[in-house]
Amino acid sequence: MSSIQALRGTRDILPSESPLWETIERLARHVLNQFAYREIRTPLFEQTELFARGIGEATDAVGKEMYSFEDRGGRSIALRPEITAGLVRAFIQNKLFAQGGVQRLWHLGPAFRYERPQAGRQRQFHQLDVEILGSRDPRADVEVIAIATQLLNTLGLKALTLELNSVGSSEDRQSYREALVRYLTPFAHELDTDSQDRLIRNPLRILDSKDKRTQEIVTEAPSLLDFLSHDSQKHFEGVQQHLTNLGISFNINPRLVRGLDYYTHTAFEIQSADLGAQATVCAGGRYDGLVAQLGGPDTPAIGFGMGIERLIILLEQMKRFSTVPELDIYFISRGEKAELQSAILANQLRQQGYSVEVDLSGSAFGKQFKRADRSGAVVGLIVGDAEAEAGKVQLKWLGSGDQAELSQADLMAQAKDLKAKIAQRRADLA
RNA sequence: GCGAGCGUAGCCAAGCGGUUAAGGCAGUGGAUUGUGAUUCCACCAUUCGCGGGUUCGAUCCCCGUCGUUCGCCCCA
């Protein structure tokens, strides 16, 4: 145990898991392309102040969970606890607003929070972040939701629910907050201790308390939806209308409250029952004030973050994706001359577009065949002393065991043919 | 930050106070200098996360510590 371990809450993504990550990344890229979103890559760390100002000093993500430190120049730096703030900073700094119209952006990468790890939660975790800046139109809200649902559908995930709410403008929320506190204060001593604390710090969060008694009290509480201004209400109705038009079903949840300060109007979460305590795979909302708050021009925006690790948990439960690499050819050779020849042939075949693995062990043919079998290759090419002398090679179909000898020159001459046959063989198996 | 469970090989594990620390998978070598999911044999933990304590004796009991898992808080 004296060897160095990965830090708590961090994890290695091993070769057995990385194909799943690649699948998610590939499909995400594809769907985002369909929606005309463009990738942006921003730094993993930023000035601490960006997060303090953008996300909110009082939020847990910033107040107690941020990895912040002083660099060698005495600047206060933080690893990003989420992606939106940095993306908005880049939007402002690079004056992307000057290109007019709306900007559709996405980014996939790690974020960091100093929390106790548990199911679906790590200190370094990955998020797909999708944002559309410059539109107040409810269709923009629905567009990002449509991206999320299409991506999840493409991955084959079922049994997810879209929870939808509007938290209104900051004025709406302010008046609601007062009404809520007015209602709850007489019950203060009956609330669970966490909620008593929240009554002062962040009353809206009491709405989704897990405590039974608190839940009972909250059922009778005034509803946020009754405090929406006319405009807020109209926007919310627009969102619902467009969702319905697109055939995306949703569940209005007046208790859905987002954790970060910058949200306004639309708030949504996509949840799964199969994730344990962290049910949310994807969460987002509108943040019309954030860009201005960070020093940019007044720009409405909406987006979401999707937790890749949580997605992976769901996909692994389905066991739908293969983790076996696609290997065409496995080279078996023994003897100095044979090993030399097979190295050359392997390289030529790679240049022809094959994926080729060469057995380097020099061990008995029996062992090499065993490894060839397990490698998942379709074809085994064997060069021993006899073949090396005669300039030949044994071509073996590892599935059926059929084997034929041909000259190395013929092998290369028929390389195109072979490729079609390998594809055919693989299709037959699938 | 708080609560609970668990740490025996690369993986899955049995043992729960007496000293040879089961078994399975994987791996390596061999039976078989050249043909693979069959079979057989051998090898693979001076040691049970780490430190301390109790005991004649501790993988097993106690304390601490680290890690891990699940939950709370919070969140993707």
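A, B, ... follow the sequence lines: proteins, then strands. Residue 1 opens every chain.
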Which part of the nucleic acid, if any, lies within reach of [X] when heavy atoms closer than 4.0 Å are counted: base, sugar-phosphate only, or nothing?
X      : result
A:Q124 : nothing
A:I308 : nothing
A:R116 : base
A:R334 : sugar-phosphate
A:D197 : nothing
A:Q403 : base
A:A119 : sugar-phosphate
A:G276 : sugar-phosphate
A:Q271 : nothing

| task | Using whole Å, report how far CD1 of A:I206 lies from C1' of B:rC72. | result |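 Taking CD1 of A:I206 and C1' of B:rC72, I get 16 Å after rounding.
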
| task | In whole angstrom, give the distance that lies between atom NZ of A:K396 and atom P of B:rG34. | result |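 About 14 Å, once rounded to whole Å.
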
Between [X] and [N], is there a contact of a side-chain N or O with OP1 or OP2 at under 4.0 Å?
X      : N      : answer
A:R11  : B:rU68 : no
A:R121 : B:rC73 : no
A:K210 : B:rC73 : yes

| query | Please, which pairs that meet ring-ring contact (aromatic ring centres under 6.0 Å, His included) have at least one residue in residues 102-125 of chain A, sequence neighbours excluded? | reply |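 Sorted result for residues 102-125 of chain A: A:Y67-A:Y114.
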
Under 3.5 Å on both distances, the Watson-Crick or G-U partner of [N]:
N      : result
B:rA21 : none
B:rC40 : B:rG30
B:rC72 : B:rG1

| field | Pairwise 5' ranking along RNA chain B for A:Y114 and A:R201, keeping only the more 5' one | value |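 Of the two residues, A:Y114 wins.
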
| task | Write down the distance separating the C1' atoms in B:rU59 and B:rU47, rounded off to the nearest Å. | result |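 These two C1' atoms come out 9 Å apart once rounded.
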
| query | Has A:F365 got its ring stacked on the base of B:rU35, with centres under 5.5 Å and planes less than 30° apart? | reply |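 No, A:F365 does not stack on the base of B:rU35, since the centre distance and plane angle fail the 5.5 Å and 30° test.
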
| request: Give a yes or no on whether the backbone of A:L7 and the side-chain of A:T10 come within a donor-acceptor separation of less than 3.5 Å. | output: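 Checked: pair present.
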
| said: I'd like to know if the side chain of A:S400 pairs up with that of A:D402 as donor and acceptor (distance under 3.5 Å, no hydrogens or angles considered). | reply: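 Present: a donor and an acceptor within the cut-off.
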
| request: Kindly assign one of parallel, tilted or perpendicular to the pair A:F45 and A:F69, based on the angle between their ring planes and the thresholds 30° and 60°. | output: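 Rings of A:F45 and A:F69: perpendicular, as their planes differ by over 60°.
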
